There are 2 protein chains.
Amino acid sequence: MVQYHRPELDRVFGAVADPTRRAILDALARGPARITDLARPFPVSLNAISKHVKILERAGLVARDVVGREHYCRLETERLREAAAWLERHKAFWESRLDALARHVTKRRQAERRAAVRRRGDAGAAHARARTGASR
Amino acid sequence: MVQYHRPELDRVFGAVADPTRRAILDALARGPARITDLARPFPVSLNAISKHVKILERAGLVARDVVGREHYCRLETERLREAAAWLERHKAFWESRLDALARHVTKRRQAERRAAVRRRGDAGAAHARARTGASR
DNA sequence: ACATAATTCAACCGAATGGTTCAATATCAT
DNA sequence: ATGATATTGAACCATTCGGTTGAATTATGT
C-alpha cells in the first residue's frame, strides 16, 4: 500500500499549493489565455506570472501553444485527475481505517470499563489521561 | 466560481507535496504512532521527522495525543476531505469546460473549412499554425 | 537519586521559492 | 527600417524548506 516515490505528485501538489497558481488555473478554466491576459488581474509583475505558468507547465497542469509572439496557455487535466485520484483513494482508505480503529477502541474501552468495575476504583486508563493535542 | 484565498488549502497541498510526509501519512493510516516509530523507516534524522509532523499538524492532517514523554500521532481526515473536494470539484469543472471548448472548436473548424473551400486555397488558420508546446 | 529515553529548541546550512528589475529576443504593425 | 508588444533570461533579494548537529526539557525505569 505504501508506494514508491512519485515525483509527479510532488510537482502537482506543489503547484496547486500556491494561491496565485490556483487562481491562474481557475482563469484558464474559462478558456485559453495568453500570459499577459493571465497576469492582468494580479498585483504582481508579468515575470512572476510567467514563472508561475512555467511551474504549472512542469507539473503537467498547463500546456501552451505558441502563436507568433503570443503564448496561449490551456489546461491539461490528466495530471490533475491523477492527483485527485490519489487524494480520493487515500481519503477513503484513511477514513475506513479510522472507523476500524474507532470500533476497536470502543470495544477495548468497554472491556476496560468492565475490568475496572470488577476491580473497583482507578477508572482512568492511560488513554483517558492523554491530554489531547491541537495545542495551537 | 473563483473563490477568495483559502490558506488551509495552501497548507494541505503544501504538506502532501512532500514524499516523506505522504509516507508518514500512509504509515499513520495503519494506526497511531509515536514520532520515534514514524522516524524509524526513514533515512533522515528524528528531528527532521519531528518537523515534518509539525507541518502535517499545522495543515490539520495530523493530531497528537501526548502521553507522558510520548507523542501519539493520528490522522485527522477533515482537511484532507476538503482538499479532495477542491480537486474533485475543479477536475469536474475543468473537464466539462474543456469538453465545451472542444465542441466549440470543432464547430469553428468546420465553419472555417467550409469558408476555405468556398474561397479555395490557404486552408491553414492561425490555430492550425500553432506549434504546440510541451517543448521540454 | 540517576541514567536513559522521547521529544523539542536553537542555530546553522544549502537549495528552492516567490518576488523584483533590467535587459534580450522575437514578432507584429506601420 | 522603426517602434511597440509579448515573452523570456539573468541577476538579485528575502524567506522558506528540508536537512543537520548539539543542547535543553521532561518523563520513565531502576
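Model, not experiment: these values are computed from the prediction. Order of the sequence lines fixes the chain letters, A, B, ..., with proteins taken first and strands second; residue numbering starts at 1 for each chain.
How far NZ of B:K54 is from CD1 of B:I35: 8.5 Å, rounded to the nearest 0.5 Å.
Nearest nucleotide to the side chain of B:R64, out of C:dT20, C:dC28, C:dT8: C:dT8. Of the candidates C:dT8, D:dT5, D:dG19, C:dT8 carries the atom nearest the B:S50 side chain, counting heavy atoms from C-beta on.
With rounding to whole Å, A:I49 atom CD1 is found 13 Å from D:dT7 atom C1'. Put simply, CD on B:E70 is 18 Å from P on C:dT4, counting in whole angstrom units.
With hydrogens and angles ignored, a donor-acceptor pair under 3.5 angstrom links the side chain of B:N47 to the base of D:dT21. At a cut-off of 3.5 angstrom, the base of C:dT7 holds no donor-acceptor pair with the side chain of B:R69.
A:K91 and B:L80 make their closest contact through CA-CD2, 3.4 Å (heavy atoms, listed as atom of the first residue, atom of the second, distance). Listed here is the closest heavy atom pair of B:A15 and B:L61: CB-CD1, 4.0 Å.
Contacts classified as ring pair (Phe, Tyr, Trp, His ring centres under 6.0 Å) and involving residues 13-55 of chain B (residues at least two apart or in different chains) are given here: B:F13-B:W86.
In this structure, the side chain of A:S45 engages the main chain of A:A48 through a donor-acceptor pair within 3.5 Å. With hydrogens and angles disregarded, no donor-acceptor distance shorter than 3.5 Å links the side chain of A:R64 to the backbone of A:Y72.
Listed in residue order, the members of residues 33-46 of chain A having a heavy atom less than 4.0 Å from DNA chain C are A:V44, A:S45.
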Tabulate protein N/O versus nucleotide N/O from nucleotides 11-17 of chain C, keeping only pairs under 3.5 Å, one per line.
none

For A:R81 and B:E95: C-alpha separation, side-chain torsions, deciding distance, then whether salt bridge (Lys or Arg N to Asp or Glu O under 4.0 Å) applies. CA-CA 10 Å; A:R81 220 191 315 267; B:E95 281 172 351; 2.2 Å; yes
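The side chain of B:H52 contributes no N or O atom lying less than 4.0 Å from OP1 or OP2 of D:dC17.
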